[in-house]
Amino acid sequence: MHFKRSLTIVGCHAEGEVGDVITGGVLDVPGKTMFEKLRYFETQKDDLRQFLLNEPRGRAPMNVNLILPPCDPRADAGFLIMESDEYAPMSGSNTICTTTVLLETGMIPIKEPVTEVALDTAAGLVTVTAECEGGKCKSVEFNNVPSFVLELDMKVDVPGIGEISVDIAYGGMMYVLVDAASVGLEVHNRCARQLVDYGERIKRAVRAVYTPVHPENDGITGFSVLAFTAPVAVEEDGCKAASNAVVVSPGRFDRSPCGTGTCARMAVMQARGELKEGEIFKHRSIIGTEFVSRIRGLATVGKYPAVLPTVKGRGWITAFKQVVLDPSDPFQEGYRLGDQWPVAHDEGHRESDATFSANK
Ligand SMILES: O=C(O)[C@H]1NCC[C@@H]1O
């Protein structure tokens, strides 16, 4: 019996968000940068992402990371981030998962008590500090790429909701940020369905009137993530803290506090004078997990003032898998069904059919 694919994958999650890591079975591809490699997979080999993230092997709340040789000579490894609807340029929970797997499987030697790792991502070089003890990667702190605000208090009319105010910011992915209370909701599981519904509506409405483009890479454009924010409070330890619920396309929550969303939010907070360099910001997810973050410096990206954000969280290995594809499998690139995968539909039009890609 021969298989069309046979991949070695390490299951992992970071603060509740699944970020499995491919450690074997996929060859390198051409590209002078990781972004060029991202484009290569996006245009020539997207069947890999479909195969892994669609059912029966994948599910909506899941990401898969692919370890590849880096392009930046300063990096120890490169990795690409595959999400349900895109290849993310950068991702916090996935950086934590990839670092945890690289260190705990020995692909990069663990040094105790601290291991420094440099990772090449499609958004640029990300340096990581891992606290390690007894062979366990106890925490991962990553220095994310510069993050910045594109728009503050942009008004947008959303069908079924009305006119609302949104912020637009980049934290390694392009974010729409919305105060949950401004649309009558709260960051809580009891509002889950409505948060996801509103999140996808608002993303569609913003897309219709605004296209974000990264000033240093016009390939980083468009929105697939929206952060509903809850108010910031100062806690007993004197640290600022808040919750958020990030709605990831095609319509599900990030189970982690969302690293790139945290960085985008810190850029907004700094622009509003609500967070200073060095101040600790504890950002929590809708399931209560936490990233501890701060602004480590300031910068400029094109015409935008930017922050240099740092985020810390934890990852855990959950499985060691050999994922294969039988040539006779009717679902070579998997399938999606509306009961598990929110079906993107425009208001008033019939819902799109379930997308089956079974070989007939
Ligand atoms: O933490 C993050 O940045 C990621 N989590 C899922 C969506 C984002 O890529």
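As the structure lists them, so they are numbered: ligands from 1, and atoms in each ligand from 1. Atom set for the values below is all heavy atoms of this structure, side chains included, hydrogens, waters and symmetry mates excluded. The residues of the chain are indexed from 1 along the displayed sequence. The shown structure was predicted, so the numbers you read here are calculated from the model rather than taken from an experiment.
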**OP:** Given side chain to side chain contact (heavy atoms under 4.5 Å, CB included), test T98 with F142 step by step and report yes or no.
**Re:** CA-CA 12 Å; T98 301; F142 63 91; over 6 Å; no

Subject >> Hydrophobic cluster partners of I280 (side-chain heavy atoms under 4.5 Å) >> reply: V292

What I want to find out is whether [X] reaches [Y] closely enough, with some N-O distance under 4.0 Å, to be called a salt bridge.
| X | Y | result |
| --- | --- | --- |
| E42 | R39 | yes |
| R74 | D120 | no |
| D28 | K37 | yes |

Subject >> Neighbouring residues of ligand 1, heavy-atom cut-off under 4.0 Å >> reply: E17, E83, S91, G92, S93, M173, D254, S256, C258, G259, T260

Original post:
Do Q332 and D47 come within less than 4.5 Å of each other through their side chains, counting heavy atoms only?
Top reply: no

